[in-house]
Amino acid sequence: MAGIPPDAWKMELDRSHDPQREPGPINLQRYAFVPTYAGIATFFGVPLCLNQDDLRAGNVDVAVLGAPVDMGMGHRGTAFGPRALRADERILPNTPQILVNPSARIRPFDELTVVDYGDAAVDPFSIDDSMEPIRTLVREIAETGAIPIVLGGDHSILWPDAAALADVYGPGKVGVVHFDAHPDCHNDMFGHLVTHATPIRRLIEDEHVPGRNFLQVGLRSAMAPDDELFGWMREHGMRTHFIAEIDRRGFEVVLQQAIEEALDGPEYLYVSLDIDVLDPAFAPGTGAPEPPGLTNRELLPALRRMCHETPVEWRCVPVRRRSDGARPRCDRGTGGSRRTWRRPWRAGPGRAR
């Protein structure tokens, strides 16, 4: 397009002529009560931060970031996931201070300072070029000691997300508990190295996360892993808990083992949720439904349980709104994050809270 630079999609606006303001979170709400279908749609109506100065001035605990990419999978539409999650009209009050965690009986937004950090820049024509801007913004959040919650977007974003944490906390310092119906550690898909089915391979080969501390929970795909891929997983020390094991041993037992294995060496925990780990009855809006999966009543307490460790990121993918006619998948994404927001969320190294 004439007059538009090729890298305009990642060029930040020149704000030198904007009115000066004190750094800190920006509350975009005008009224004391705002229905979800009104107002400017930040995540649960929380304030907005634009840069690290805002995060630090607000002493932010949790920052929500959108990663609206969907070029890494065969079914498009997950790029609209962050917007759909922010605009989820099923939670009637978009007024965070009145929301209560029904399990812990606390008001999470009184316990934690939560903000929306907007969306990462994405190249609408290149999944490869979109990886580094996502990594940059996740790193910006983590460097302040805040915990990123990243909303996808397809599963390719696991690569820049976890790599950003390795940048901040150090390679091998973060273990991953990854909920998914699929292994997502293929070398490539039709010759493409950056796809929704390859991020784990990239992380392990780049030595950001040791294979032995990358725990998979809920696998049950009819297509993968095949013998060759399963051999690669074993060779790199990956530990995988298939749905058949959960059926046999019980979910709580398997979850506890997965947490212990992920933290066998690393100091911090990354919680990775591919929402197709849920049975399609609970999450129909997915490009790759695989019955039988977990239930809401299994998954939500599991996420809450893991927040008693030392979490440094929480990520939810891939919400595909156009396939989610009755909205249950958006409900699981917003509900899952909200129900984990309680003490003890712990800050990063050197940050007193």
Side-chain angles (χ1 to χ4, degrees), residues 8-15 17-70 77-100 107-122 124 133-134 137-138 140-141 144 146-153 285 314-317 319-322 324 327 329-338 341:
W9 59 275
K10 63 178 180 180
M11 290 175 57
E12 293 197 16
L13 293 175
D14 179 5
R15 299 188 179 277
H17 300 293
D18 289 357
Q20 295 298 306
R21 66 176 179 87
E22 291 295 320
I26 306 163
N27 193 333
L28 300 178
Q29 294 193 329
R30 180 174 287 149
Y31 306 108
F33 178 88
V34 182
T36 307
Y37 47 77
I40 298 172
T42 60
F43 197 70
F44 281 108
V46 298
L48 176 71
C49 284
L50 297 175
N51 51 49
Q52 286 186 322
D53 290 341
D54 289 340
L55 294 173
R56 291 192 173 101
N59 207 15
V60 169
D61 294 297
V62 178
V64 179
L65 174 68
V69 296
D70 62 3
T78 59
F80 292 92
R83 177 171 293 185
L85 288 165
R86 288 183 173 111
D88 181 16
E89 72 269 13
R90 290 298 183 91
I91 305 296
L92 179 61
N94 208 10
T95 308
Q97 58 269 26
I98 71 173
L99 296 174
V100 175
R107 297 184 184 275
F109 296 97
D110 288 345
E111 295 286 322
L112 297 165
T113 301
V114 182
V115 301
D116 198 314
Y117 206 53
D119 289 343
V122 296
I134 296 171
L137 284 196
V138 173
E140 280 186 15
I141 295 170
T144 70
I147 296 172
I149 290 186
V150 184
L151 311 176
W314 198 101
R315 184 186 60 88
C316 178
V317 298
V319 177
R320 189 168 184 256
R321 174 64 185 94
R322 65 182 63 173
D324 201 18
R327 302 290 301 205
R329 193 164 196 208
C330 289
D331 292 349
R332 299 297 76 76
T334 53
S337 55
R338 172 171 54 90
W341 293 347

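Only heavy atoms go into these numbers, but all of them, side chains included; no hydrogens, no water, no symmetry mates.
A salt bridge links Arg21 with Asp54: the distance from a Lys NZ or Arg NE/NH1/NH2 to an Asp or Glu carboxylate oxygen falls below 4.0 Å.
In Arg83, the CZ atom is not crowded: 12 or fewer heavy atoms of neighbouring residues, nucleotides or ligands sit closer than 6.0 Å.
The shortest heavy-atom contact between Phe44 and Pro96 is O-CD, 3.2 Å. Taking each heavy atom of Ala120 and Pro133 in turn, the nearest pair found is CB-O, 4.2 Å. Contact record, Pro108 with Leu99: CD-O, 3.5 Å, taken as the closest heavy-atom pair. Taking every heavy atom of both residues into account, Ala63 and Tyr117 meet most closely at CB-CB, 4.4 Å. Taking both residues in full, the closest heavy atoms of Val122 and Pro68 are given as CG2-O, 3.7 Å, listed atom of the first, atom of the second, then distance.
Scanning for side-chain contact (heavy atoms from CB on, under 4.5 Å) contacts around Asp18 gives Arg15, with sequence neighbours left out. Annotation: salt bridge (Lys or Arg N to Asp or Glu O under 4.0 Å) contacts of Arg30 (sequence neighbours excluded): none. Residues passing the side chain to side chain donor-acceptor pair (under 3.5 Å) test with Gln29, sequence neighbours excluded: none.
In this structure, Leu48 CG and Ile40 CD1 are separated by 9.0 Å, a value rounded to the nearest 0.5 Å. Distance check: Leu137 CG to Asn51 CG gives 11.0 Å after rounding to the nearest 0.5 Å. Taking CD1 from Ile26 and CG from Leu50, the interatomic distance works out to 4.5 Å, rounded to the nearest 0.5 Å.
Side-chain contact between Val60 and Thr144: absent, with no pair of heavy atoms (C-beta onward) separated by less than 4.5 Å. For the pair Val46 and Val64, the minimum side-chain heavy-atom distance is 4.5 Å or more. With contacts defined as side-chain heavy-atom distances shorter than 4.5 Å, the pair Leu65/Pro148 does not qualify. Between Val69 and Ile134, some side-chain heavy-atom pair lies under the 4.5 Å cut-off. For the pair Val114 and Phe43, the minimum side-chain heavy-atom distance is 4.5 Å or more.
Checked by atom type and distance alone, the side chain of Thr113 never pairs as donor or acceptor with a backbone atom of Asp61 at under 3.5 Å. With hydrogens and angles disregarded, a donor-acceptor distance shorter than 3.5 Å links the side chain of Gln52 to the backbone of Glu140.
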